[in-house]
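Notes for the one structure printed next.
Since the model is a prediction, treat every value here as computed from it, not as a measurement.
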Amino acid sequence: MKKITLLAVSAVSLVMFSGCAGMFSGETQMLTVKSSPAGANVAINGMPIGQTPLTAPISKKKDILITLTKDGYKEVTAPLNTSFDPMALVGLFSYGTPITTDIQKGTAYQISPNYYQFELQKQDK
């Protein structure tokens, strides 16, 4: 009986504190980045993720900065547009799940659009 009670309490805790947006849409989102010219180094919040063109999973957070660098070109840094993900409300209304978990993990946000094109400018000599 104790094992069944412990299992039930564990299952309820998992649902209550996992956050619905994370359960349904995950903690990452695919982001496509292209540049002209191609071959620019891409970093998200200072962490390198690859070179353009690329499609990569990005942790969903409220404040995300993207930086593109390429030899001979000016560095470009821009904020990614994020918006509130309505899936975060599903748990609130259907399970009474605290939305704070989704906000803390970043899963309450979505990157929109999920495609970015950058035109790099040559550096002045």
Side-chain angles (χ1 to χ4, degrees):
M1 183 66 177
K2 284 185 178 185
K3 287 184 181 182
I4 293 173
T5 303
L6 181 60
L7 183 60
V9 169
S10 297
V12 168
S13 296
L14 181 63
V15 169
M16 289 296 292
F17 298 109
S18 62
C20 266
M23 289 171 37
F24 292 113
S25 60
E27 293 182 27
T28 61
Q29 179 177 337
M30 296 305 287
L31 179 71
T32 299
V33 182
K34 293 185 178 181
S35 69
S36 180
N41 296 310
V42 180
I44 299 292
N45 291 338
M47 299 293 294
I49 62 166
Q51 290 187 328
T52 61
L54 73 85
T55 299
I58 305 299
S59 293
K60 298 191 302 182
K61 301 286 182 191
K62 185 175 181 186
D63 300 313
I64 303 172
L65 286 178
I66 186 168
T67 303
L68 280 76
T69 57
K70 184 172 177 73
D71 288 341
Y73 291 85
K74 294 179 182 177
E75 180 178 292
V76 175
T77 299
L80 296 183
N81 297 321
T82 56
S83 60
F84 185 77
D85 186 351
M87 289 304 288
L89 295 176
V90 171
L92 184 63
F93 293 118
S94 60
Y95 304 115
T97 308
I99 197 168
T100 55
T101 302
D102 287 326
I103 292 171
Q104 180 183 17
K105 291 172 115 181
T107 56
Y109 303 99
Q110 59 187 354
I111 302 166
S112 181
N114 62 352
Y115 171 88
Y116 286 83
Q117 171 75 39
F118 294 91
E119 299 294 326
L120 302 179
Q121 304 297 316
K122 287 199 174 224
Q123 278 184 331
D124 297 329
K125 292 185 178 185

### Message
A side-chain contact here means heavy atoms from C-beta on lying under 4.5 Å apart; do Pro37 and Leu120 qualify?
### Response
yes
### Message
Just verifying a value: how many Å separate Leu80 CG and Ile111 CD1, rounded to the nearest 0.5 Å?
### Response
5.5 Å
### Task
Return the set of residues passing side chain to side chain donor-acceptor pair (under 3.5 Å) with Asn114 (not counting sequence neighbours), or none when no residue passes.
none
### Task
Examine distances only and state if a side-chain atom of Thr52 and a backbone atom of Ala40 form a donor-acceptor pair shorter than 3.5 Å.
yes
#### Entry: Heavy-atom closest pair, residues Asn81 and Tyr116
N-OH, 3.1 Å
Distance-only check: which donor-acceptor pairs under 3.5 Å involve side-chain atoms of residues 65-75, not counting sequence neighbours?
| residue | atom | partner | partner atom | Å |
| --- | --- | --- | --- | --- |
| Thr67 | OG1 | Thr77 | OG1 | 3.2 |
| Lys70 | NZ | Ala38 | O | 3.2 |

### Query
Between Val33 and Ile49, is any pair of side-chain heavy atoms under 4.5 Å apart?
no
### Straight-line distance of Leu31 CG to Thr55 OG1, nearest 0.5 Å
8.0 Å
#### Entry: Residue pair Ser36 / Glu119: nearest heavy atoms and the distance that separates them
CB-OE1, 3.3 Å
### Closest non-hydrogen atom pair between Lys34 and Pro53, with its separation
CG-CB, 3.9 Å
